[in-house]
Number of protein chains: 2
Amino acid sequence: MISQTEENYLKALFALTSTKGEASVNELSKMLDIKMPTVNGMMKRLSEKDFVIYESYKPLKLTEKGRKEASLIIRKHRLTEMYLVEKMGFGWEEVHDIAEQIEHIQSPAFFAKMDEILGFPEVDPHGSPIPDENGKVIVKDFDRLSDCESGDVVKFMAVKPSSEELLKFLNSRELVLGAVITIQSVELFDKSMSVNYAHREMEVLSNMVCEKLLVEHVAK
Amino acid sequence: MISQTEENYLKALFALTSTKGEASVNELSKMLDIKMPTVNGMMKRLSEKDFVIYESYKPLKLTEKGRKEASLIIRKHRLTEMYLVEKMGFGWEEVHDIAEQIEHIQSPAFFAKMDEILGFPEVDPHGSPIPDENGKVIVKDFDRLSDCESGDVVKFMAVKPSSEELLKFLNSRELVLGAVITIQSVELFDKSMSVNYAHREMEVLSNMVCEKLLVEHVAK
DNA sequence: CAATATTGTTAGATTGTACTAATAATTTGT
DNA sequence: ACAAATTATTAGTACAATCTAACAATATTG
Ligand SMILES: [Mn+2]
Ligand SMILES: [Mn+2]
Ligand SMILES: [Mn+2]
Ligand SMILES: [Mn+2]
């Protein structure tokens, strides 16, 4: 009924619309690396199938049906990533591309089994929440580490969707989810931070990195 | 480079040609449930790509390249089935349809990990051999239980590719791979067998069932 | 606010994978 | 050996998913 291609469009549109509630054909086109006329046509098709609200020259929106469909694909993606890391021994930087394919497998039993084996996890290996069977997601709004101040003590909760390189960088610094980070100082000119966590002291993190790390305040 | 569709054609052709070395467009068409003109066209395309030897009105053959490609897909299929049964707790009757999809995942690392976790298995849950990384398969030619005689003691080694229903039937009789079966008697008119195995005595197996069970002689 | 840049849409072409209908070649059966 | 049945092929259609080129609408900016 719904093709792999259509699923990828829905997922991308879901990501783009999750902040403002709407997105442009142009943004979708760039995100998917597919030319605008193709995207435009697909949006018409998906609106025909009642997944998308499409009106000429207006921003794109997902219908409730579209949001649910997208959430369920994301659920499969994140369950898969968690399974690959927890049960198969992959690193968190290796799993995205595999999950990008496995998320399209049609087998409720397969994902139900994963979920069960994992003990019904709430987040994926990057700290992103796993939508439930009905497509509902509990969105926690964490702070970016880059918005914290000297002296803050925070817990590293999630990485913003980003490159494999960032994840490898974090590996090299032994900076893992759950780490409690104390901000020692913030440079004025480049906003880089010196932080302590675990057994590491005065690690320097660039602002580019800090913007990708989502944290929760722990104590004063 | 090679599509999911093309992979399914190759795999089907591999299965059909594994006995005689060749197959007809008609047979392939029936196996895949795709009309003959479509199959014919695809065979031309696959011969263009050097996977198939196609000549008008001649039987179809796989090239060496085609055989290898098919074997590697079958390798992924069977590794997946084994993983699903051994590591995820699925029944052997549940895994084929899932493997039919997962066999198309493009990720050598994913299947290498499966292989490693499983301890480099040589057969799938139905007793079919798993081709190695180079596409080589060790084919053992077992006997069909239906070809055995009263008094024979045999070991149940594999099930011929068949319906989910047969597998469920075997479940219901607790007849599992590795079971040592003693043939008590064979009915003359319908070739049904009365057999003993494990704690079961005088179980009656129809000829249709016996033709699907592959066995190895154990003792006189 | 008019010129320019950007974004969105339409039209038309291409490729992959399917189909049906018509025709041709091969095989089978009497 | 010929007629009939089966199998294979060709031709033409359709739809999904992509593209480029041309044009239209909207947004930006001097
Ligand atoms: Mn991911
Ligand atoms: Mn995907
Ligand atoms: Mn199978
Ligand atoms: Mn398949």
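Only this structure's heavy atoms are used, side chains among them; waters, hydrogens and symmetry mates stay out. Below, read A as the first sequence line, B as the second, and so on, with proteins coming before strands; counting in each chain starts at 1.
Proximity note for B:Tyr57 (side chain, C-beta onward) versus C:dG8, C:dC19, C:dA25: the nearest is C:dA25. Of the candidates D:dA8, C:dA11, C:dA18, the closest approach to any side-chain atom of A:Pro37 belongs to C:dA11.
Looking at heavy-atom distances under 4.0 Å, B:Lys58 makes no contact with the nucleic acid at all. Among the heavy atoms of the strands lying under 4.0 Å from A:Thr38 is at least one base atom, whether or not backbone atoms are also near. Within the 4.0 angstrom heavy-atom criterion, no nucleotide atom of any strand lies near B:Ser29.
The backbone N or O of A:Leu46 sits nowhere less than 3.5 Å from a side-chain atom of A:Glu6 that would complete a donor-acceptor pair. Side chain of B:Ser162 to main chain of B:Lys160: a donor-acceptor pair is present (N/O by atom type, distance under 3.5 Å, no hydrogens or angles).
Residue A:Lys44 contributes atom NZ, which lies 14 Å from atom P of D:dA16 at whole-angstrom precision. For B:Met43 and C:dA18, the CE to P distance is 11 Å, given to the nearest whole Å. Between the CG atom of B:Asp33 and the C1' atom of C:dC19 there is a distance of 13 Å, given to the nearest Å. Per the geometry, CD belonging to A:Glu48 stands 15 Å off C1' belonging to D:dA16, to the nearest Å. The CG-P distance, from B:Leu28 to D:dA8, rounds to 10 Å in whole Å. The distance from atom OH of B:Tyr54 to atom P of D:dT10 is 6 Å, rounded to the nearest whole Å. For A:Lys35 and C:dA13, the NZ to C1' distance is 16 Å, given to the nearest whole Å. Protein atom CE of A:Met42 is 17 Å distant from nucleotide atom P of C:dG8, rounded to whole Å.
For the salt bridge (charged side-chain N to carboxylate O under 4.0 Å, His left out) test with B:Arg75, the passing option among B:Asp132, B:Asp115, B:Asp124 is B:Asp115; the others fail.
Using a 3.5 Å distance cut-off with no hydrogens or angles, the side chains of B:His104 and B:Gln4 do not pair a donor with an acceptor.
More than 12 heavy-atom neighbours from other residues, nucleotides or ligands sit within 6.0 angstrom of CD on A:Glu133.
Side-chain nitrogen and oxygen atoms of B:Tyr9 include at least one within less than 4.0 Å of the OP1 or OP2 phosphate oxygen of C:dA18.
The residue among B:Asn26 and A:Met36 whose nearest nucleotide of DNA chain D lies closer to the 5′ end is B:Asn26.
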